[in-house]
Amino acid sequence: MAALIRTKVELFYDVVSPYSWFGFEALCRYRPHWKMDLVLRPIFLGGVMKETGNRPPMMVPSKGLYMQKDLLRNAAYFGIPLKLIEDPFNVMIEKGTLRAQRFLTAIAHEHPEHVEGVSRELWTRIWSRGEDIVENESLRLAAKEANMKDFDIQKCFKLMDDSTVKLALKKSTEDAIEHGAFGAPTIVVHSKDNPEMFFGSDRFPLIAQMMNEEWKGPFPE
Ligand SMILES: N[C@@H](CCC(=O)N[C@@H](CS)C(=O)NCC(=O)O)C(=O)O
């Protein structure tokens with residue numbers, strides 16, 4: 001009987017966060033291998049930083065320099081085509097990802113089956129091809145690449161500026177903070193009755209141990 005019990009795993013992420021991309025792909029790859037129900041929960045990382053008094057790692061010069069190397073190491077390890085952003089302050093802070101995260105929240109509301117694909121396309125735009133993810137046309141192209149129909153994309157565009165979606169994104173961000181989030185990715189494992197929070201895409205050996213599963217590295221096949 002115990003073998004049938006599935007563990008709910010929530011991934012709180014923002015496409016501004018490259019480490020979240022690693023965590024996202026790893027969890028998506030492990031979905032058929034671990035007895036887990038993966039729940040993808042877009043949040044606004046800027047809100048987490050503000051509420052917790054944290055700040056983006058790139059604002060600390062030595063962390064920013066370290067990250068440039070560490071991201072490329074991780075990209076090679078996870079097999080993800082990440083490239084460093086040329087003007088990170090403009091792209092990550094000034095332009096930001098609030099619109100992209102609202103778009104994902106609208107999709108989660110209307111067409112949850114497309115959240116995974118559109119998230120991946122948004123990461124690919126910003127963190128692989130150095131493309132915009134703020135303009136409507138950029139969001140539309142990402143959704144189109146993920147096979148969403150024009151009619152459904154338009155519906156999500158209308159919804160993303162609606163208070164329902166703004167509040168839903170705020171609620172997910174608050175839920176992450178309640179679990180103890182201070183950055184992204186934040187992974188919450190609901191094993192037994194006690195949700196356990198993990199920060200980062202480098203905690204999979206511990207997550208696997210908690211879930212009584214095996215971590216076979218970034219490629220479980
Ligand atoms: N060691 C973690 C680092 C994750 C990380 O640095 N995430 C950034 C966003 S991309 C963050 O939220 N940092 C907050 C902090 O370091 O306090 C990993 O490998 O995933």
Side-chain angles (χ1 to χ4, degrees), residues 9-30 38 40-98 100-101 104 119-120 122-130 133-134 169-170 172-189 196-211 215-220:
V9 176
E10 289 178 291
L11 171 68
F12 294 93
Y13 67 97
D14 185 323
V15 294
V16 77
S17 158
Y19 288 102
S20 295
W21 193 10
F22 306 143
F24 164 89
E25 294 296 357
L27 283 169
C28 289
R29 288 172 196 166
Y30 272 82
L38 177 61
L40 299 175
R41 298 200 60 187
I43 57 167
F44 181 51
L45 185 56
V48 173
M49 293 285 170
K50 190 163 175 244
E51 279 304 308
T52 59
N54 201 355
R55 55 187 180 145
M58 59 170 269
M59 302 301 273
V60 181
S62 49
K63 269 196 194 177
L65 273 178
Y66 173 76
M67 255 180 83
Q68 290 185 7
K69 278 195 181 160
D70 194 53
L71 284 176
L72 296 178
R73 282 195 293 240
N74 273 283
Y77 175 70
F78 283 100
I80 288 173
L82 175 136
K83 292 206 185 74
L84 297 177
I85 291 178
E86 272 176 26
D87 185 357
F89 188 79
N90 173 251
V91 172
M92 297 168 77
I93 310 285
E94 289 174 339
K95 290 174 89 179
T97 49
L98 186 57
Q101 294 305 105
L104 284 176
S119 299
R120 184 172 290 117
L122 289 171
W123 265 307
T124 304
R125 288 185 69 87
I126 180 174
W127 275 106
S128 190
R129 297 201 297 261
I133 57 163
V134 173
L169 179 60
K170 194 163 177 267
S172 291
T173 305
E174 284 166 1
D175 285 353
I177 294 169
E178 254 172 50
H179 282 297
F182 54 86
T186 289
I187 298 169
V188 178
V189 178
E196 293 272 348
M197 187 279 270
F198 296 85
F199 166 63
S201 52
D202 49 2
R203 290 294 177 264
F204 288 115
L206 297 179
I207 291 173
Q209 192 184 40
M210 162 153 290
M211 292 173 64
W215 170 249
K216 298 178 181 169
F219 296 98

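Note that the numbering runs from 1 along the sequence shown for the chain. Just so you know, ligand 1 is whichever comes first in the structure, and atom 1 is the first atom listed for that ligand.
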Inset, instruction - Of the side chain and backbone of Met49, name the one, both, or neither that has a heavy atom under 4.0 Å from an atom of ligand 1. - result: side chain
Legend entry - Phe182 neighbourhood, listing ligand 1 atoms whose heavy-atom distance to it stays under 4.0 Å: 17 (O)
Inset, instruction - Compute whether any side-chain donor of one residue and acceptor of the other, for Asp202 and Tyr19, lie under 3.5 angstrom apart. - result: no
Inset, instruction - Please say whether Ser201 places an N or O atom under 3.5 Å from an N or O atom belonging to ligand 1. - result: yes
Legend entry - Contacts of type ring pair (Phe, Tyr, Trp, His ring centres under 6.0 Å), residue Phe198, not counting sequence neighbours: none
Inset, instruction - Starting from atom 10 (S) of ligand 1, find the nearest protein heavy-atom neighbour and note its residue, name and distance. - result: Ser17 OG, 3.1 Å
Legend entry - 4.0 Å heavy-atom contact, Phe199 with ligand 1: yes
Inset, instruction - May I ask whether Arg55 has any heavy atom positioned less than 4.0 angstrom from an atom of ligand 1? - result: no
Legend entry - Trp215 and Phe204 aromatic ring geometry - parallel, tilted or perpendicular at 30°/60° bounds: parallel
Inset, instruction - Please determine if Asp70 has a nitrogen or oxygen closer than 3.5 Å to a nitrogen or oxygen of ligand 1. - result: no
Inset, instruction - Could you tell me whether a side-chain N or O of Gln101 sits under 3.5 Å from a main-chain N or O of Tyr13, the two making a donor and an acceptor? - result: yes
Inset, instruction - Please report the closest heavy-atom contact between Thr186 and Gly183, naming both atoms and the distance. - result: OG1-O, 2.8 Å
Inset, instruction - Out of Ser20, Gly183, Ala184, Gly200, indicate the one that has the non-hydrogen atom closest to atom 8 (C) of ligand 1. - result: Ala184
Legend entry - Contact check: Asp202 vs ligand 1, nitrogen or oxygen atoms, below 3.5 angstrom: yes
Legend entry - Protein heavy-atom partner closest to atom 18 (C) of ligand 1 - residue, atom, separation in Å: Tyr19 CD2, 3.4 Å
Legend entry - N-O pairing of Arg29 and Glu25 below 4.0 Å: no
Inset, instruction - Report yes or no: does Asp70 contribute a side-chain atom to a donor-acceptor pair with the main-chain N or O of Tyr66 at less than 3.5 Å? - result: no
Inset, instruction - Provide the closest heavy-atom pair for Asp175 versus Phe12 in the form atom of the first, atom of the second, distance. - result: CB-CE2, 4.2 Å
Inset, instruction - Could you list which atoms of ligand 1 come closer than 4.0 Å to a heavy atom of Pro57? - result: 8 (C), 13 (N)
Legend entry - Atoms of ligand 1, numbered as shown, that sit under 4.0 Å from any heavy atom of Asn54: 14 (C), 15 (C), 17 (O)
